[in-house]
Amino acid sequence: DINLNSPNKGLLSDAMTDVPVDSAASARTSVPEGLTLAEEEELRSELAKVEEEIGTLRQVLAAKERHCGELKRKLGLTPLDGLKQNLSKSWHDVQVSNAYVKTSEKLGEWNDKVTQSDFYKKTQETLSQAGQKTSAALSNVGSVISRKLGDMSSYSIRHSISMPAMRNSATFKSFEDRVGTIKSRVVGSRENSTDGLHSPSGAGDKPPQDNAPF
């Protein structure tokens with residue numbers, strides 16, 4: 001029996017902490033059920049080999065990447081070229097993928113259905129007729145403008161040609177003489193009326209008389 005009032009009651013726990021623990025035994029307890037000790041040792045050995053191979057492959061991959069970078073540098077290839085190449089390859093992979101092929105086929109089927117529908121045909125005919133009418137209207141407007149410009153140019157040419165002949169004709173000279181005569185009469189009448197206003201009748205050139213006292 002353990003005496004709780006004994007002064008050596010704490011020695012038992014201290015002695016238990018100093019007992020070494022078997023790590024192999026504790027590891028065996030974590031192994032899933034159904035595995036024997038030999039199978040466990042075999043799996044652990046294989047795991048160690050795989051991890052060692054992964055480390056070796058990582059070192060080889062790093063060396064290959066450095067060698068690839070040196071070759072690109074010697075060839076003058078930039079990282080942008082590599083990015084373009086990767087994008088091109090990715091797009092090619094997308095185009096040959098089953099999802100892309102199926103989607104393209106579906107879109108082609110929908111396009112065929114839409115273009116063969118009555119609504120699409122009617123809409124296309126309406127747009128075609130509207131385009132033809134618009135083209136005809138613009139053509140008519142262009143023809144009218146061209147005709148007007150032609151008429152104006154021909155009129156100006158005829159006018160420029162006929163003016164010298166009109167000026168040299170007897171009728172034009174007679175008319176010009178009459179206009180000159182009328183102009184001279186009008187100017188003369190204006191001058192006479194102006195002189196009459198500045199020198200009134202009765203005053204004449206007589207100087208004013210002084211009323212001298214007797």
Side-chain angles (χ1 to χ4, degrees), residues 8-146 149:
N8 297 324
K9 60 182 179 179
L11 297 176
L12 181 61
S13 59
D14 296 337
M16 290 178 66
T17 57
D18 294 336
V19 177
V21 179
D22 189 1
S23 59
S26 61
R28 291 190 191 99
T29 57
S30 62
V31 177
E33 297 180 358
L35 291 177
T36 62
L37 182 60
E39 293 174 348
E40 178 189 353
E41 293 297 334
E42 184 180 358
L43 291 176
R44 290 183 181 277
S45 177
E46 185 177 357
L47 177 61
K49 289 180 180 179
V50 172
E51 289 179 347
E52 184 179 358
E53 290 176 356
I54 290 174
T56 304
L57 291 175
R58 285 177 178 172
Q59 294 177 0
V60 173
L61 180 61
K64 292 291 184 183
E65 288 180 348
R66 287 195 298 271
H67 184 59
C68 180
E70 292 176 358
L71 293 176
K72 288 182 178 179
R73 181 177 56 80
K74 291 179 180 179
L75 291 173
L77 299 177
T78 61
L80 182 60
D81 296 330
L83 178 61
K84 290 180 179 179
Q85 186 177 1
N86 293 333
L87 290 175
S88 178
K89 185 178 181 300
S90 301
W91 177 241
H92 177 71
D93 294 339
V94 169
Q95 287 179 333
V96 298
S97 62
N98 294 329
Y100 182 85
V101 173
K102 290 180 179 179
T103 303
S104 300
E105 292 177 355
K106 284 291 184 183
L107 290 176
E109 292 176 359
W110 292 345
N111 186 33
D112 293 338
K113 290 180 180 179
V114 170
T115 53
Q116 295 299 327
S117 63
D118 295 335
F119 177 76
Y120 179 83
K121 290 180 180 179
K122 291 180 180 179
T123 304
Q124 190 176 14
E125 291 177 357
T126 302
L127 293 176
S128 178
Q129 293 175 359
Q132 292 177 358
K133 291 180 179 179
T134 303
S135 300
L138 292 176
S139 178
N140 293 331
V141 171
S143 300
V144 171
I145 293 174
S146 299
L149 292 175

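Taking the charged nitrogens against the carboxylate oxygens, Glu40 and Arg44 do have a contact shorter than 4.0 Å, which makes a salt bridge.
Taking CD of Glu41 as the start and OG1 of Thr36 as the end, the distance is 10.0 Å to the nearest 0.5 Å. Distance check, rounded to the nearest 0.5 Å: CG of Leu127 to CD of Gln132 gives 11.5 Å. Asp93 contributes atom CG, which lies 4.5 Å from atom NZ of Lys89 (distance to the nearest 0.5 angstrom).
Between His67 and the options Lys64, Glu65, Glu70, a side-chain contact (heavy atoms from CB on, under 4.5 Å) holds for only Glu70.
When all heavy atoms of Gln116 and Lys121 are compared, the pair lying nearest together is O-CE, 3.7 Å. Between Leu77 and Asp81 the shortest heavy-atom distance is CA-OD2, 3.8 Å. Across every non-hydrogen atom of Asp112 and Thr115, the tightest pair is O-OG1, 3.0 Å.
Side chain of Ser139 to backbone of Ala136: no donor-acceptor contact under 3.5 angstrom is found. Panel note: side chain Ser90, backbone Asn86; a donor-acceptor pair is recorded below 3.5 Å. No donor-acceptor pair closer than 3.5 Å links the side chain of Ser128 to the backbone N or O of Gln124. Between the side chain of Ser45 and the backbone N or O of Glu42 there is no donor-acceptor pair closer than 3.5 Å.
For the pair Thr134 and Leu138, the minimum side-chain heavy-atom distance is below 4.5 Å.
Applying the ring-ring contact (aromatic ring centres under 6.0 Å, His included) test to residues at least two apart or on different chains, the pairs with a partner in residues 93-131 are Trp91-Tyr100.
Other residues, nucleotides and ligands place more than 12 heavy atoms under 6.0 Å from the CD atom of Glu39. The environment of CD in Glu52 is sparse: at most 12 heavy-atom neighbours from other residues, nucleotides or ligands sit within 6.0 Å.
For the 3.5 Å distance criterion, the side chains of Ser143 and Asn140 fail to qualify, holding no donor opposite an acceptor.
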